Amino acid sequence: MKHDAEKLVIVGSGIGGLSSGIILAGLGYDVTVVEKNRRAGGLLRSYTRDGMECEVGVHYLGSLGKGQVLRKFFDYLGVRDVIPVTPMGTSGVIDRYLFDAPATHPPQFDLPVGFDAYENNLRKAFPAETSCIENVVAAIRKSSEQLHSLDALYATEDFSLLDQTEPYGDILDQLGCSPGLRSVLAIPSSWIGVSIADCPAYYHNMALASYLSSSWRLEKSGAHMADVLVDRFKALGGKLITSAEVSSIAVDSRVVGGVRLESGEYLPASIVIGAVHPQVVLRMLPDGAVKPSYRNRIKRLENTHSIFAVHARIDADTHPEVPHNTFKVETDVDGNITDLKYYQFRKNKTENSTLLSILTSGNDALWEDWRDSKTGRRDAGYGEAKNKLASALVAEAEELFGPLKRLKMVDAYTPLTIRDWVNSPDGSAYGVLRSSSQTLATALLNRTAVQGLYLAGQNVVAPGVIGTIMGSFSTVKLILGPEEFRKKICL
Ligand SMILES: Cc1cc2nc3c(=O)[nH]c(=O)nc-3n(C[C@H](O)[C@H](O)[C@H](O)COP(=O)(O)OP(=O)(O)OC[C@H]3O[C@@H](n4cnc5c(N)ncnc54)[C@H](O)[C@@H]3O)c2cc1C
């Protein structure tokens, strides 16, 4: 069925905007995606520096195996065959966690593919904690079933996860889990930017299950993945306008009318989807468009931390690609994570070179002096501050991996870079904080108080590629209604 009269505008071309666009264009809507940057893709889009392809928001993907959730999504979107991926964990390791707390922690723990292998590794590392391990793995298996069967998406009523919103840290306390085991179990919640003490069990278990089910690296790049999604969207009749920042959303008597661009151009639409942070959408709404209670709820949302990243070129003969990721984990005496460094060694398109990527928390205070400046317009002092932190992180990496031969710094980005690139408040990496304390405030974020206005993107259901695409389907379900959604969307 064609929706000739239904003009639909999506603000933002990240994975949230593009996947929503593909689904809705495929259903026959007249869809336009509007993107402020010159190129589409948002956090998905990698960039090239000094001949090296540097990733931003896709280091690895979970659940692309047969019958698994991301594969179902990619199949529906019609992009699986054109996004080549390599399986991780074939040598037994997806992620290697390194600890330096010999009294309480093993020196290293390997996250493998598969639930049995994970349970075995936990039992080997923590032989005295069999009962706790059985409990946690049983819950992760259950979450895995819910994730791959898409129960939440197809529920006709609001799917209640209230029994799984308890902070995961509390559950581990009740199970009498040791600090060492707690740290190992704390890492998956850090993938979505939440501390284990405040991470709802549901999010923890889903995040972990998605990677344990199967893990993959893009064979090409995030930029390639973004281009594939754009091509698919256009092939379905979608229109993409880039270098076009949306400045306001028109609302009359609580009904949406369209969007206005910075250039002054007006795009009328009966449906608008803000696939950007809800606080960004709020700033676009005219005074009085929503009730003060809604405005306050969105304004007060707490966001996840940002990230500082370094990309460095190293000699490929001495440092070939490493097929797993490495995390250096620092913890307090209770096993809560106090600092985390992520390392990835990947072959790159430039000959004889491996790209070392290091990610850590944003170190926000370091960038305070440049808070009011924009990317590309910062002084030399900013570059020096970046280099100083980047050099310290490289030195720390050398303590773990040995001297890094022929190292050349390629690029480093800060929370301010992320903020300016995608408009994420304070450069928040994973958007709205999915914490137990914010359970109610973050519920049903894809609904707004304006008729015809919806939200999508990583903020509405969960961050990450899977969580963000899940959010797109759940927004489409709101637009269609649950019955139509069931009839029209078969995943
Ligand atoms: C460093 C980092 C590493 C990550 N690693 C992984 C990983 O390995 N695996 C994984 O699954 N996930 C990972 N993630 C998370 C994942 O990248 C994100 O959850 C996802 O890409 C978010 O997509 P989105 O569409 O919601 O938002 P975005 O990608 O932020 O897209 C929003 C888009 O809206 C545009 N926009 C904003 N305001 C306007 C406006 N006014 N007008 C027009 N356009 C506008 C922006 O320019 C942007 O293109 C990572 C994230 C980060 C930051």
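Note: hydrogens, waters and symmetry copies are ignored here, and every other heavy atom, side chains too, is used. As the structure is a computational prediction, the values presented were derived from the model and not from experiment. One-based numbering, in listed order, for ligands and for the atoms of each.
In this structure, atom 25 (O) of ligand 1 has a protein heavy-atom contact shorter than 4.0 Å.
Shown are Ile271, Val290, Leu285, Ile273; of these, the side chain to side chain contact (heavy atoms under 4.5 Å, CB included) with Leu453 is made only by Leu285.
Using modelled atom types and a 3.5 Å distance limit, the side chains of Ser373 and Arg378 yield a donor-acceptor pair. A side-chain donor from one of Ser46 and Glu53 sits under 3.5 Å from a side-chain acceptor of the other. No side-chain N or O of Tyr168 forms a donor-acceptor pair with one of Asp198 less than 3.5 Å apart.
Neither the backbone nor the side chain of Ala309 has a heavy atom within less than 4.0 Å of ligand 1. Only the side chain of Tyr211 comes within 4.0 Å of ligand 1, judged by heavy-atom distances. Contacts between Val276 and ligand 1 below 4.0 angstrom, taking non-hydrogen atoms only, involve the side chain exclusively. Within the 4.0 Å heavy-atom criterion, both parts of Ile15, backbone and side chain, lie near ligand 1. In Asn459, neither the side chain nor the backbone holds a heavy atom less than 4.0 Å from any atom of ligand 1. Contacts with ligand 1 closer than 4.0 Å are made by no heavy atom of Trp216, backbone or side chain. Only the side chain of Ile307 comes within contact range of ligand 1, with a heavy atom under 4.0 Å; no backbone atom does. Residue Ile466 does not touch ligand 1, judged by heavy-atom distances below 4.0 Å. Residue contacts with ligand 1, taken as heavy atom pairs separated by less than 4.0 Å, do not involve Ser247 at all. The part of Thr468 lying near ligand 1 is the side chain, judged by heavy-atom distances below 4.0 Å.
Classified by interplanar angle (parallel below 30°, tilted 30° to 60°, perpendicular above 60°), the ring pair Trp367/Trp370 is tilted.
Atom 30 (O) of ligand 1 has its nearest heavy-atom neighbour, among Val422, Val465, Val58, Val11, in Val422.
Here the side chains of Val394 and Met409 are in contact, with some heavy-atom distance below 4.5 Å.
Between Trp191 atom CH2 and Asp95 atom CG the span is 5.5 Å, to the nearest 0.5 Å.
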